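Shown next, in C-alpha coordinates, is the structure this report addresses.
Please read these numbers as outputs of a predicted model, since none were measured by experiment.
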Amino acid sequence: MTDEGQELDVKSIRYAMDKHKDLDGLASDCVAFANASGGNILLGIEDGESLPPVGQKVPAQLIESIRKRIPQVTLNVHVVPQLVLADNGGEYIDIRIPGNQQSIGATSDGRYYLRVSDETKRLMPDDLGRLLADRNSLVWELSVVRRVPASQVEPEKLADFVRQIRASDRVTPFVKGKTDREILDHYLFVKDGYLTNLGVLWVGRREDRAALLHAPVIQCMKFDENERKVAKWVWDDYSRNPQELIQAVWDEIPDWSYSDEFPAGLFRKNVPHYDEVVVRELLANALVHRPYSQRGDIFINLYPDRLEIHNPGLLPIGVTPRNILHTSSQRNPHLARVFYDLKLMEREGSGYDRMYEVLLASGKKPPIVSEGNDRVVATVRKHIARREIVDFMVKVHQTFFPTQKELITLGLIAQHESLTAMELASLLELKDSVELRPWLGNLRDWGLVRSRGQTKATTYFIEPDVLRRLAFEGATSLKGIEKPRLQALILQDIGIYQEVRIGELHQRIGSEIPRRTIQRELADMVADGRLLAIGDRGARRYRIAPNPAESGEFGAIPET
(Lines give C-alpha, C1' and ligand atoms only; values in the text may rest on other atoms or scores of the structure.)
Protein backbone atom coordinates (compact mmCIF):
# COMPACT_ATOMS: atom_id res chain seq x y z
CA MET A 1 0.00 0.00 0.00
CA THR A 2 1.28 3.48 -0.90
CA ASP A 3 0.65 5.85 1.99
CA GLU A 4 -0.58 9.27 0.93
CA GLY A 5 0.58 12.23 2.95
CA GLN A 6 2.00 15.73 2.91
CA GLU A 7 4.36 15.02 0.00
CA LEU A 8 2.66 12.14 -1.85
CA ASP A 9 -0.68 11.60 -3.58
CA VAL A 10 -1.86 8.65 -5.68
CA LYS A 11 -4.61 8.82 -8.27
CA SER A 12 -6.24 6.49 -10.76
CA ILE A 13 -5.40 7.01 -14.41
CA ARG A 14 -9.10 7.75 -14.89
CA TYR A 15 -8.63 10.97 -12.92
CA ALA A 16 -6.63 12.44 -15.81
CA MET A 17 -8.43 10.59 -18.63
CA ASP A 18 -11.83 12.05 -17.76
CA LYS A 19 -12.40 14.53 -20.60
CA HIS A 20 -14.76 16.61 -18.46
CA LYS A 21 -11.96 17.48 -16.06
CA ASP A 22 -9.57 18.58 -18.83
CA LEU A 23 -6.80 18.18 -16.22
CA ASP A 24 -8.29 20.99 -14.09
CA GLY A 25 -8.56 18.72 -11.06
CA LEU A 26 -4.96 17.64 -11.50
CA ALA A 27 -3.96 21.29 -11.86
CA SER A 28 -5.52 22.09 -8.47
CA ASP A 29 -3.50 19.30 -6.86
CA CYS A 30 -0.30 20.57 -8.48
CA VAL A 31 -0.99 24.09 -7.16
CA ALA A 32 -1.52 22.61 -3.67
CA PHE A 33 1.85 20.84 -3.69
CA ALA A 34 3.65 23.89 -5.08
CA ASN A 35 2.26 26.05 -2.26
CA ALA A 36 3.35 23.51 0.35
CA SER A 37 6.82 21.94 0.34
CA GLY A 38 6.46 20.20 -3.02
CA GLY A 39 5.82 16.53 -3.62
CA ASN A 40 4.87 13.81 -6.08
CA ILE A 41 1.60 12.69 -7.64
CA LEU A 42 1.61 9.06 -8.77
CA LEU A 43 -0.93 8.98 -11.59
CA GLY A 44 -2.09 5.47 -12.45
CA ILE A 45 -2.17 3.82 -9.01
CA GLU A 46 -5.48 3.08 -7.32
CA ASP A 47 -6.15 4.16 -3.72
CA GLY A 48 -4.71 1.71 -1.21
CA GLU A 49 -2.39 0.09 -3.76
CA SER A 50 1.37 0.32 -4.15
CA LEU A 51 1.52 -0.76 -7.79
CA PRO A 52 -0.50 0.09 -10.90
CA PRO A 53 -2.88 -2.52 -12.38
CA VAL A 54 -0.98 -5.39 -14.00
CA GLY A 55 -0.17 -4.59 -17.61
CA GLN A 56 -1.59 -1.04 -17.44
CA LYS A 57 -0.47 1.13 -20.38
CA VAL A 58 -0.35 4.90 -20.12
CA PRO A 59 -1.48 6.66 -23.33
CA ALA A 60 1.58 8.12 -25.02
CA GLN A 61 0.00 11.55 -25.40
CA LEU A 62 -0.96 11.89 -21.72
CA ILE A 63 2.52 12.78 -20.46
CA GLU A 64 2.94 15.45 -23.10
CA SER A 65 -0.56 16.75 -22.35
CA ILE A 66 0.31 17.10 -18.65
CA ARG A 67 3.61 18.79 -19.46
CA LYS A 68 1.90 21.38 -21.67
CA ARG A 69 -1.54 21.77 -20.12
CA ILE A 70 -0.66 22.23 -16.42
CA PRO A 71 1.50 25.37 -17.04
CA GLN A 72 -1.31 26.77 -19.21
CA VAL A 73 -3.95 26.53 -16.47
CA THR A 74 -1.73 27.46 -13.50
CA LEU A 75 0.54 30.28 -12.35
CA ASN A 76 3.89 29.75 -10.59
CA VAL A 77 3.64 25.96 -10.83
CA HIS A 78 6.31 23.73 -12.37
CA VAL A 79 5.70 20.03 -13.09
CA VAL A 80 8.03 17.25 -14.18
CA PRO A 81 6.03 14.19 -15.38
CA GLN A 82 7.90 10.94 -15.99
CA LEU A 83 6.72 7.53 -17.21
CA VAL A 84 7.55 4.69 -14.77
CA LEU A 85 7.39 0.95 -15.46
CA ALA A 86 6.50 -0.95 -12.26
CA ASP A 87 7.74 -4.43 -11.32
CA ASN A 88 4.39 -5.97 -12.28
CA GLY A 89 4.61 -4.62 -15.84
CA GLY A 90 2.10 -1.82 -15.28
CA GLU A 91 2.88 1.78 -16.18
CA TYR A 92 2.16 4.96 -14.24
CA ILE A 93 3.22 8.62 -14.33
CA ASP A 94 5.31 10.12 -11.53
CA ILE A 95 4.62 13.88 -11.52
CA ARG A 96 7.16 15.81 -9.44
CA ILE A 97 6.09 19.27 -8.29
CA PRO A 98 8.83 21.42 -6.69
CA GLY A 99 7.74 23.61 -3.79
CA ASN A 100 7.77 27.36 -4.36
CA GLN A 101 10.44 29.16 -2.40
CA GLN A 102 8.95 32.65 -2.58
CA SER A 103 6.01 32.89 -5.01
CA ILE A 104 2.46 31.60 -4.47
CA GLY A 105 0.91 29.23 -6.99
CA ALA A 106 -2.64 29.55 -8.32
CA THR A 107 -4.87 28.32 -11.09
CA SER A 108 -5.20 30.64 -14.08
CA ASP A 109 -8.74 31.56 -12.98
CA GLY A 110 -7.52 32.78 -9.58
CA ARG A 111 -8.05 29.81 -7.25
CA TYR A 112 -5.50 28.96 -4.56
CA TYR A 113 -4.87 25.55 -2.98
CA LEU A 114 -2.57 24.06 -0.35
CA ARG A 115 -1.52 20.51 0.45
CA VAL A 116 -2.44 19.88 4.09
CA SER A 117 -1.64 16.41 5.39
CA ASP A 118 -3.14 14.10 2.72
CA GLU A 119 -5.70 16.54 1.28
CA THR A 120 -5.89 19.40 -1.20
CA LYS A 121 -7.44 22.38 0.59
CA ARG A 122 -9.02 25.37 -1.17
CA LEU A 123 -7.70 28.66 0.21
CA MET A 124 -9.83 31.74 0.62
CA PRO A 125 -8.50 35.30 0.08
CA ASP A 126 -8.08 35.79 3.85
CA ASP A 127 -5.68 32.83 3.92
CA LEU A 128 -3.21 34.36 1.47
CA GLY A 129 -1.61 36.64 4.06
CA ARG A 130 -0.86 33.67 6.30
CA LEU A 131 0.41 31.66 3.34
CA LEU A 132 2.79 34.48 2.46
CA ALA A 133 4.01 34.63 6.05
CA ASP A 134 4.66 30.88 5.99
CA ARG A 135 6.50 31.29 2.68
CA ASN A 136 8.74 33.91 4.32
CA SER A 137 9.54 31.41 7.08
CA LEU A 138 10.71 28.89 4.49
CA VAL A 139 12.87 31.56 2.89
CA TRP A 140 14.29 32.43 6.32
CA GLU A 141 15.64 28.93 6.91
CA LEU A 142 17.81 28.85 3.80
CA SER A 143 18.78 32.54 3.65
CA VAL A 144 22.38 33.66 3.98
CA VAL A 145 22.17 37.08 5.63
CA ARG A 146 25.43 37.78 7.45
CA ARG A 147 27.69 35.75 5.14
CA VAL A 148 29.22 33.76 8.00
CA PRO A 149 31.83 31.37 6.49
CA ALA A 150 31.03 27.70 6.97
CA SER A 151 34.31 27.34 8.85
CA GLN A 152 33.08 29.70 11.58
CA VAL A 153 31.00 27.17 13.46
CA GLU A 154 31.15 26.48 17.16
CA PRO A 155 33.32 23.32 17.32
CA GLU A 156 31.49 21.72 20.25
CA LYS A 157 28.08 22.25 18.69
CA LEU A 158 29.22 20.85 15.36
CA ALA A 159 30.80 17.81 16.99
CA ASP A 160 27.71 17.17 19.09
CA PHE A 161 25.37 17.51 16.10
CA VAL A 162 27.38 15.17 13.89
CA ARG A 163 27.74 12.63 16.71
CA GLN A 164 23.98 12.54 17.33
CA ILE A 165 23.17 12.27 13.61
CA ARG A 166 25.46 9.27 13.23
CA ALA A 167 23.94 7.64 16.33
CA SER A 168 20.31 8.20 15.32
CA ASP A 169 18.26 5.22 14.11
CA ARG A 170 16.17 7.66 12.06
CA VAL A 171 19.10 8.51 9.79
CA THR A 172 20.12 6.29 6.88
CA PRO A 173 23.60 4.69 6.72
CA PHE A 174 24.22 6.70 3.54
CA VAL A 175 23.89 10.00 5.43
CA LYS A 176 25.85 8.71 8.43
CA GLY A 177 28.75 7.86 6.11
CA LYS A 178 29.15 11.45 4.91
CA THR A 179 31.94 13.72 6.13
CA ASP A 180 31.15 16.40 8.70
CA ARG A 181 30.97 19.07 5.99
CA GLU A 182 28.78 16.87 3.80
CA ILE A 183 26.38 16.36 6.70
CA LEU A 184 26.09 20.14 7.07
CA ASP A 185 25.32 20.39 3.36
CA HIS A 186 22.77 17.57 3.65
CA TYR A 187 20.81 19.39 6.37
CA LEU A 188 21.08 22.68 4.46
CA PHE A 189 23.18 24.34 7.14
CA VAL A 190 25.55 25.61 4.42
CA LYS A 191 24.92 27.38 1.11
CA ASP A 192 27.64 28.57 -1.27
CA GLY A 193 30.26 28.22 1.47
CA TYR A 194 28.31 30.26 4.07
CA LEU A 195 26.13 29.24 7.00
CA THR A 196 22.40 29.61 6.35
CA ASN A 197 20.17 31.02 9.08
CA LEU A 198 19.37 27.41 9.97
CA GLY A 199 23.08 26.60 10.22
CA VAL A 200 23.76 29.62 12.42
CA LEU A 201 20.81 28.69 14.63
CA TRP A 202 22.10 25.17 15.23
CA VAL A 203 25.92 25.13 14.99
CA GLY A 204 26.83 28.82 14.79
CA ARG A 205 28.69 30.95 17.31
CA ARG A 206 26.82 32.89 19.97
CA GLU A 207 27.54 36.30 18.41
CA ASP A 208 26.27 35.16 15.02
CA ARG A 209 23.14 33.62 16.52
CA ALA A 210 22.45 36.84 18.45
CA ALA A 211 22.68 38.77 15.19
CA LEU A 212 19.88 36.76 13.60
CA LEU A 213 16.80 38.92 13.23
CA HIS A 214 14.52 36.80 15.44
CA ALA A 215 16.54 34.05 17.14
CA PRO A 216 14.38 32.24 19.73
CA VAL A 217 14.11 33.53 23.29
CA ILE A 218 12.22 31.64 26.00
CA GLN A 219 10.79 33.14 29.18
CA CYS A 220 9.15 31.23 32.01
CA MET A 221 7.01 32.89 34.67
CA LYS A 222 5.43 31.24 37.69
CA PHE A 223 2.24 32.63 39.24
CA ASP A 224 0.47 32.04 42.56
CA GLU A 225 -3.27 31.49 43.18
CA ASN A 226 -3.91 35.22 42.71
CA GLU A 227 -1.97 35.25 39.43
CA ARG A 228 0.85 37.27 40.97
CA LYS A 229 4.29 36.56 39.54
CA VAL A 230 6.47 34.73 42.08
CA ALA A 231 9.39 33.50 39.93
CA LYS A 232 10.93 34.08 36.52
CA TRP A 233 13.49 32.36 34.31
CA VAL A 234 14.82 33.76 31.02
CA TRP A 235 17.00 32.20 28.31
CA ASP A 236 17.95 35.16 26.13
CA ASP A 237 21.72 35.15 25.77
CA TYR A 238 21.65 33.25 22.43
CA SER A 239 24.36 30.85 23.60
CA ARG A 240 22.17 27.78 23.03
CA ASN A 241 20.79 26.13 19.92
CA PRO A 242 17.15 24.89 19.99
CA GLN A 243 18.08 21.48 21.42
CA GLU A 244 20.10 23.08 24.22
CA LEU A 245 17.27 25.51 24.94
CA ILE A 246 14.86 22.63 25.54
CA GLN A 247 17.38 20.93 27.82
CA ALA A 248 18.02 24.14 29.78
CA VAL A 249 14.29 24.69 30.34
CA TRP A 250 13.92 21.13 31.59
CA ASP A 251 17.02 21.30 33.84
CA GLU A 252 16.48 24.69 35.43
CA ILE A 253 12.79 24.79 36.38
CA PRO A 254 12.28 22.90 39.67
CA ASP A 255 8.52 22.44 39.15
CA TRP A 256 9.08 19.65 36.62
CA SER A 257 10.27 17.37 39.44
CA TYR A 258 7.02 17.61 41.44
CA SER A 259 4.58 14.70 41.37
CA ASP A 260 1.51 13.18 43.02
CA GLU A 261 1.77 9.84 44.82
CA PHE A 262 -1.17 7.53 45.43
CA PRO A 263 -1.86 3.81 46.02
CA ALA A 264 -1.85 1.50 43.00
CA GLY A 265 -2.59 -2.04 44.12
CA LEU A 266 0.20 -3.25 46.44
CA PHE A 267 2.47 -0.42 45.41
CA ARG A 268 2.45 3.37 45.22
CA LYS A 269 2.58 5.23 41.93
CA ASN A 270 4.08 8.63 41.19
CA VAL A 271 2.46 10.72 38.47
CA PRO A 272 4.45 13.88 37.64
CA HIS A 273 2.59 17.15 37.54
CA TYR A 274 4.04 17.62 34.07
CA ASP A 275 5.42 14.60 32.24
CA GLU A 276 8.83 15.10 30.62
CA VAL A 277 7.58 13.74 27.27
CA VAL A 278 4.77 16.31 27.22
CA VAL A 279 6.95 19.27 28.23
CA ARG A 280 9.65 18.47 25.69
CA GLU A 281 7.12 17.87 22.91
CA LEU A 282 5.38 21.19 23.63
CA LEU A 283 8.70 23.05 23.56
CA ALA A 284 9.78 21.27 20.37
CA ASN A 285 6.49 22.19 18.68
CA ALA A 286 6.91 25.80 19.78
CA LEU A 287 10.44 26.03 18.37
CA VAL A 288 9.67 24.19 15.13
CA HIS A 289 6.38 25.91 14.29
CA ARG A 290 7.12 29.50 15.25
CA PRO A 291 7.60 31.92 12.32
CA TYR A 292 11.24 33.01 12.54
CA SER A 293 10.47 35.99 10.33
CA GLN A 294 8.26 37.39 13.12
CA ARG A 295 9.30 38.99 16.37
CA GLY A 296 8.15 37.46 19.66
CA ASP A 297 9.38 35.32 22.56
CA ILE A 298 8.12 31.91 23.62
CA PHE A 299 6.45 32.20 27.04
CA ILE A 300 6.00 29.39 29.55
CA ASN A 301 3.39 30.33 32.18
CA LEU A 302 3.15 28.12 35.25
CA TYR A 303 -0.06 28.49 37.25
CA PRO A 304 -1.10 26.48 40.32
CA ASP A 305 -3.40 24.32 38.18
CA ARG A 306 -1.95 24.42 34.67
CA LEU A 307 0.93 24.97 32.29
CA GLU A 308 0.58 27.32 29.31
CA ILE A 309 3.04 27.70 26.44
CA HIS A 310 2.54 30.82 24.34
CA ASN A 311 4.10 30.82 20.89
CA PRO A 312 4.31 33.87 18.59
CA GLY A 313 2.39 33.71 15.33
CA LEU A 314 -0.67 31.72 14.35
CA LEU A 315 -0.88 28.04 13.49
CA PRO A 316 0.45 27.06 10.06
CA ILE A 317 -2.21 27.55 7.43
CA GLY A 318 -4.48 24.53 7.19
CA VAL A 319 -3.97 23.59 10.85
CA THR A 320 -6.61 24.61 13.40
CA PRO A 321 -7.23 23.82 17.09
CA ARG A 322 -9.95 21.44 15.84
CA ASN A 323 -7.71 19.30 13.59
CA ILE A 324 -4.31 19.57 15.26
CA LEU A 325 -4.42 15.94 16.42
CA HIS A 326 -4.44 14.68 12.82
CA THR A 327 -3.01 17.46 10.66
CA SER A 328 0.57 18.59 10.22
CA SER A 329 1.78 21.44 8.06
CA GLN A 330 5.43 22.35 8.40
CA ARG A 331 6.20 26.03 8.58
CA ASN A 332 9.94 25.32 8.92
CA PRO A 333 10.34 21.93 7.19
CA HIS A 334 14.13 21.83 7.28
CA LEU A 335 14.22 22.63 11.01
CA ALA A 336 11.49 20.02 11.57
CA ARG A 337 13.63 17.46 9.78
CA VAL A 338 16.56 18.16 12.11
CA PHE A 339 14.29 17.80 15.17
CA TYR A 340 12.90 14.53 13.86
CA ASP A 341 16.26 13.00 12.93
CA LEU A 342 17.69 13.93 16.34
CA LYS A 343 14.62 12.35 17.99
CA LEU A 344 13.60 15.63 19.59
CA MET A 345 10.09 15.22 18.17
CA GLU A 346 7.86 12.18 18.05
CA ARG A 347 7.33 12.64 14.32
CA GLU A 348 7.80 15.36 11.76
CA GLY A 349 5.48 18.31 12.18
CA SER A 350 3.44 17.14 15.16
CA GLY A 351 3.43 15.21 18.40
CA TYR A 352 -0.02 15.83 19.79
CA ASP A 353 -1.00 12.19 19.44
CA ARG A 354 1.90 11.25 21.74
CA MET A 355 0.88 13.92 24.25
CA TYR A 356 -2.71 12.66 24.19
CA GLU A 357 -1.47 9.13 24.91
CA VAL A 358 0.77 10.14 27.83
CA LEU A 359 -1.75 12.46 29.46
CA LEU A 360 -4.76 10.16 29.14
CA ALA A 361 -2.76 7.18 30.41
CA SER A 362 -1.97 9.30 33.49
CA GLY A 363 -5.63 10.11 34.13
CA LYS A 364 -5.27 13.69 32.88
CA LYS A 365 -7.15 15.76 30.36
CA PRO A 366 -5.68 16.06 26.84
CA PRO A 367 -3.95 19.32 25.87
CA ILE A 368 -6.05 22.30 24.81
CA VAL A 369 -4.88 24.50 21.93
CA SER A 370 -6.26 27.98 21.32
CA GLU A 371 -5.40 30.67 18.81
CA GLY A 372 -5.77 34.43 18.92
CA ASN A 373 -4.03 37.81 19.14
CA ASP A 374 -1.22 36.56 16.91
CA ARG A 375 -0.29 33.80 19.36
CA VAL A 376 -0.96 30.10 19.82
CA VAL A 377 -1.48 28.84 23.38
CA ALA A 378 -1.16 25.18 24.39
CA THR A 379 -2.55 24.37 27.86
CA VAL A 380 -1.91 21.25 29.94
CA ARG A 381 -3.66 20.64 33.25
CA LYS A 382 -1.55 19.83 36.29
CA HIS A 383 -3.90 17.62 38.27
CA ILE A 384 -5.24 14.15 37.54
CA ALA A 385 -8.84 14.33 36.37
CA ARG A 386 -9.72 10.94 37.88
CA ARG A 387 -7.09 9.27 40.02
CA GLU A 388 -8.84 5.92 40.06
CA ILE A 389 -8.42 5.30 36.32
CA VAL A 390 -4.62 5.51 36.36
CA ASP A 391 -4.15 1.99 37.72
CA PHE A 392 -6.80 0.73 35.31
CA MET A 393 -4.99 2.23 32.30
CA VAL A 394 -1.65 0.79 33.42
CA LYS A 395 -3.12 -2.70 33.78
CA VAL A 396 -4.88 -2.45 30.41
CA HIS A 397 -1.57 -1.52 28.80
CA GLN A 398 0.20 -4.45 30.45
CA THR A 399 -2.56 -6.95 29.66
CA PHE A 400 -3.69 -6.07 26.13
CA PHE A 401 -0.83 -3.99 24.64
CA PRO A 402 -3.21 -1.54 22.91
CA THR A 403 -2.13 0.67 20.03
CA GLN A 404 -1.72 4.40 20.53
CA LYS A 405 -5.15 5.10 19.01
CA GLU A 406 -6.81 2.43 21.16
CA LEU A 407 -5.14 3.79 24.31
CA ILE A 408 -6.23 7.35 23.55
CA THR A 409 -9.82 6.24 22.87
CA LEU A 410 -9.99 4.11 26.00
CA GLY A 411 -8.58 6.96 28.10
CA LEU A 412 -11.24 9.37 26.86
CA ILE A 413 -14.09 6.91 27.49
CA ALA A 414 -12.71 6.04 30.94
CA GLN A 415 -12.52 9.71 31.95
CA HIS A 416 -16.07 10.42 30.81
CA GLU A 417 -17.45 7.00 31.85
CA SER A 418 -19.66 6.98 28.75
CA LEU A 419 -19.67 8.88 25.46
CA THR A 420 -21.95 8.93 22.47
CA ALA A 421 -20.41 8.25 19.07
CA MET A 422 -20.70 11.92 18.15
CA GLU A 423 -19.14 13.07 21.42
CA LEU A 424 -16.24 10.63 21.04
CA ALA A 425 -15.67 11.70 17.42
CA SER A 426 -15.65 15.34 18.52
CA LEU A 427 -13.08 14.69 21.27
CA LEU A 428 -10.90 12.84 18.76
CA GLU A 429 -11.30 15.73 16.29
CA LEU A 430 -12.82 13.42 13.66
CA LYS A 431 -15.18 14.61 10.94
CA ASP A 432 -17.91 12.16 11.93
CA SER A 433 -18.54 8.95 13.86
CA VAL A 434 -17.85 6.82 10.75
CA GLU A 435 -14.12 7.48 11.29
CA LEU A 436 -14.17 5.93 14.78
CA ARG A 437 -13.48 2.35 13.63
CA PRO A 438 -9.63 2.47 13.64
CA TRP A 439 -9.67 4.38 16.94
CA LEU A 440 -11.84 1.77 18.67
CA GLY A 441 -9.69 -0.98 17.16
CA ASN A 442 -9.91 -4.10 19.31
CA LEU A 443 -11.36 -2.44 22.42
CA ARG A 444 -14.77 -4.07 21.93
CA ASP A 445 -13.30 -7.41 20.86
CA TRP A 446 -11.25 -7.49 24.07
CA GLY A 447 -14.38 -6.66 26.08
CA LEU A 448 -12.90 -3.43 27.44
CA VAL A 449 -15.56 -1.22 25.88
CA ARG A 450 -19.24 -1.98 25.41
CA SER A 451 -21.73 -0.12 23.27
CA ARG A 452 -25.46 0.29 23.04
CA GLY A 453 -27.58 1.93 20.40
CA GLN A 454 -26.90 2.31 16.72
CA THR A 455 -25.28 4.80 14.32
CA LYS A 456 -24.99 8.32 15.78
CA ALA A 457 -26.94 7.32 18.91
CA THR A 458 -24.38 4.66 19.83
CA THR A 459 -23.00 5.11 23.34
CA TYR A 460 -19.66 3.64 24.41
CA PHE A 461 -18.81 2.81 28.02
CA ILE A 462 -16.28 0.76 29.97
CA GLU A 463 -17.33 -2.84 30.58
CA PRO A 464 -18.04 -3.17 34.35
CA ASP A 465 -16.76 -6.76 34.47
CA VAL A 466 -13.40 -5.61 33.13
CA LEU A 467 -13.16 -2.95 35.82
CA ARG A 468 -13.69 -5.61 38.48
CA ARG A 469 -11.35 -8.10 36.82
CA LEU A 470 -8.54 -5.55 36.71
CA ALA A 471 -9.16 -4.58 40.34
CA PHE A 472 -10.43 -1.15 39.37
CA GLU A 473 -11.32 0.62 42.61
CA GLY A 474 -13.28 3.62 41.42
CA ALA A 475 -16.50 4.88 42.88
CA THR A 476 -19.73 3.26 41.65
CA SER A 477 -21.38 5.39 38.98
CA LEU A 478 -24.72 5.35 37.15
CA LYS A 479 -23.35 7.10 34.06
CA GLY A 480 -23.17 3.87 32.06
CA ILE A 481 -26.51 2.56 33.30
CA GLU A 482 -28.42 0.21 30.99
CA LYS A 483 -31.64 1.49 29.34
CA PRO A 484 -34.12 -0.92 31.08
CA ARG A 485 -32.65 -0.18 34.51
CA LEU A 486 -32.77 3.59 33.91
CA GLN A 487 -36.41 3.45 32.78
CA ALA A 488 -37.30 1.40 35.87
CA LEU A 489 -35.64 4.04 38.10
CA ILE A 490 -37.64 6.77 36.35
CA LEU A 491 -40.91 4.88 36.83
CA GLN A 492 -40.06 4.20 40.48
CA ASP A 493 -39.33 7.89 41.17
CA ILE A 494 -42.48 9.16 39.41
CA GLY A 495 -44.55 6.47 41.16
CA ILE A 496 -43.42 7.88 44.51
CA TYR A 497 -43.61 11.62 43.76
CA GLN A 498 -46.65 11.40 41.39
CA GLU A 499 -45.75 14.39 39.20
CA VAL A 500 -42.14 15.48 38.62
CA ARG A 501 -40.01 17.87 36.59
CA ILE A 502 -36.90 16.63 34.82
CA GLY A 503 -34.55 18.64 37.06
CA GLU A 504 -35.96 17.06 40.22
CA LEU A 505 -35.89 13.61 38.66
CA HIS A 506 -32.31 14.07 37.47
CA GLN A 507 -31.09 15.07 40.92
CA ARG A 508 -32.81 12.19 42.72
CA ILE A 509 -31.91 9.26 40.47
CA GLY A 510 -28.31 10.31 39.72
CA SER A 511 -26.82 13.63 38.64
CA GLU A 512 -23.90 11.78 37.00
CA ILE A 513 -26.31 10.45 34.35
CA PRO A 514 -26.25 12.92 31.42
CA ARG A 515 -29.41 15.04 31.41
CA ARG A 516 -29.84 14.41 27.68
CA THR A 517 -29.99 10.66 28.40
CA ILE A 518 -32.88 11.16 30.83
CA GLN A 519 -34.61 13.47 28.34
CA ARG A 520 -34.35 10.79 25.66
CA GLU A 521 -35.77 8.09 27.93
CA LEU A 522 -38.64 10.32 29.05
CA ALA A 523 -39.52 11.06 25.41
CA ASP A 524 -39.46 7.33 24.59
CA MET A 525 -41.67 6.48 27.57
CA VAL A 526 -44.17 9.20 26.62
CA ALA A 527 -44.21 7.90 23.06
CA ASP A 528 -44.97 4.32 24.10
CA GLY A 529 -47.74 5.40 26.50
CA ARG A 530 -46.16 4.71 29.87
CA LEU A 531 -45.86 8.40 30.85
CA LEU A 532 -47.84 11.59 30.31
CA ALA A 533 -46.12 14.93 29.62
CA ILE A 534 -48.03 17.90 31.09
CA GLY A 535 -47.35 21.59 30.35
CA ASP A 536 -45.00 23.53 28.10
CA ARG A 537 -41.34 22.68 27.74
CA GLY A 538 -40.08 25.17 30.34
CA ALA A 539 -42.44 23.85 33.04
CA ARG A 540 -43.12 20.37 31.74
CA ARG A 541 -43.99 17.70 34.30
CA TYR A 542 -44.27 13.94 33.96
CA ARG A 543 -46.67 11.48 35.57
CA ILE A 544 -47.63 7.84 35.15
CA ALA A 545 -50.15 7.26 32.35
CA PRO A 546 -53.62 6.07 33.63
CA ASN A 547 -53.27 2.64 32.04
CA PRO A 548 -49.57 2.18 31.28
CA ALA A 549 -48.38 -0.65 29.12
CA GLU A 550 -47.00 -3.58 31.01
CA SER A 551 -43.81 -2.30 32.47
CA GLY A 552 -43.32 -4.31 35.63
CA GLU A 553 -43.81 -3.06 39.14
CA PHE A 554 -42.43 0.37 39.86
CA GLY A 555 -40.10 -0.93 42.50
CA ALA A 556 -38.68 -3.74 40.41
CA ILE A 557 -35.31 -2.67 39.04
CA PRO A 558 -33.82 -5.10 36.52
CA GLU A 559 -30.44 -6.63 37.27
CA THR A 560 -27.54 -5.41 35.12
Side-chain angles (χ1 to χ4, degrees), residues 385-386 388-389 409 412-427 432-434 436 440 443-444 447-469 472-560:
R386 294 187 62 206
E388 61 267 27
I389 72 172
T409 304
L412 288 172
I413 296 173
Q415 282 197 11
H416 292 81
E417 296 185 21
S418 73
L419 288 168
T420 66
M422 293 301 294
E423 289 169 338
L424 182 57
S426 177
L427 289 171
D432 53 51
S433 57
V434 177
L436 283 174
L440 287 164
L443 295 178
R444 285 178 291 184
L448 293 173
V449 171
R450 287 187 61 187
S451 63
R452 59 173 174 266
Q454 295 180 348
T455 63
K456 295 181 180 180
T458 302
T459 299
Y460 298 100
F461 57 96
I462 303 299
E463 168 60 59
D465 289 342
V466 172
L467 303 186
R468 290 190 289 269
R469 189 164 70 247
F472 179 78
E473 297 179 354
T476 301
S477 170
L478 292 173
K479 195 170 184 183
I481 189 170
E482 298 280 356
K483 181 183 182 79
R485 181 174 172 83
L486 177 56
Q487 291 190 353
L489 282 174
I490 292 172
L491 288 171
Q492 181 179 4
D493 186 273
I494 298 177
I496 295 171
Y497 293 93
Q498 302 299 314
E499 203 170 274
V500 302
R501 294 184 178 182
I502 187 172
E504 302 165 344
L505 176 69
H506 189 202
Q507 184 176 9
R508 284 194 294 265
I509 69 173
S511 57
E512 68 267 42
I513 303 172
R515 183 184 175 100
R516 64 184 176 279
T517 299
I518 296 177
Q519 287 175 322
R520 184 171 61 246
E521 298 305 328
L522 287 170
D524 288 347
M525 295 169 77
V526 169
D528 65 22
R530 283 184 286 174
L531 296 180
L532 290 178
I534 304 167
D536 296 327
R537 173 176 290 187
R540 184 167 296 169
R541 302 178 305 282
Y542 296 88
R543 62 184 304 172
I544 303 296
N547 294 301
E550 292 187 22
S551 57
E553 296 183 6
F554 298 141
I557 302 175
E559 295 292 332
T560 56

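- When side chains are defined from C-beta on, Ile462 counts as touching Val449, because their heavy atoms get closer than 4.5 Å.
- For Arg541, the CZ atom is densely surrounded, since the number of other residues' heavy atoms within 6.0 Å is greater than 12.
- Ile509 is listed as a side-chain neighbour of Ile518, based on a closest heavy-atom distance under 4.5 Å.
- Separation of atoms CZ (Arg501) and CD (Gln507) is listed at 13.5 Å; rounding is to 0.5 Å.
- Contact annotation: the side chain of Leu522 approaches that of Tyr542 to within less than 4.5 Å [non-hydrogen atoms, C-beta and beyond].
- Looking at Leu436 and Tyr460, their side chains come closer than 4.5 Å, going by heavy atoms from C-beta outward.
- Thr458 approaches Gly453 most closely through the heavy-atom pair OG1-O, 3.5 Å.
- Between Ser433 and Ala421, the shortest heavy-atom distance links the atoms CB-CB, 3.8 Å.
- Remark: the backbone N or O of Ala414 is not paired with any side-chain donor or acceptor of Glu417 at under 3.5 angstrom.
- In terms of heavy atoms, Phe461 sits closest to Ser418 at CB-CB, 3.8 Å.
- Once rounded to the nearest 0.5 Å, the distance linking CZ of Arg540 with CD1 of Ile502 reads 10.0 Å.
- Of the inter-residue distances, the one linking Ile544 atom CD1 with Leu532 atom CG reads 9.0 Å to the nearest 0.5 angstrom.
- With rounding to the nearest 0.5 Å, the separation of CD in Glu504 from CG in Asp493 is 9.0 Å.
- With values rounded to the nearest 0.5 angstrom, Leu489 atom CG is found 12.0 Å from Arg508 atom CZ.
- Listed here is the closest heavy atom pair of Leu412 and His416: O-ND1, 2.9 Å.
- The side-chain heavy atoms of Arg543 and Ile534, taken from C-beta on, include a pair separated by under 4.5 Å.
- Counting heavy atoms from C-beta on, the side chains of Thr409 and Ile413 come closer than 4.5 Å.
- Interatomic distance, CG of Asp528 versus CD of Gln487, reported as 7.0 Å (0.5 Å rounding).
- Looking at residues two or more places apart in sequence or on another chain, you find a side-chain hydrogen bond (donor to acceptor under 3.5 Å, both in side chains) between Thr420 and Glu423.
- Checking side-chain atoms of His506 against main-chain N and O of Ile513 turns up a donor-acceptor pair under 3.5 Å.
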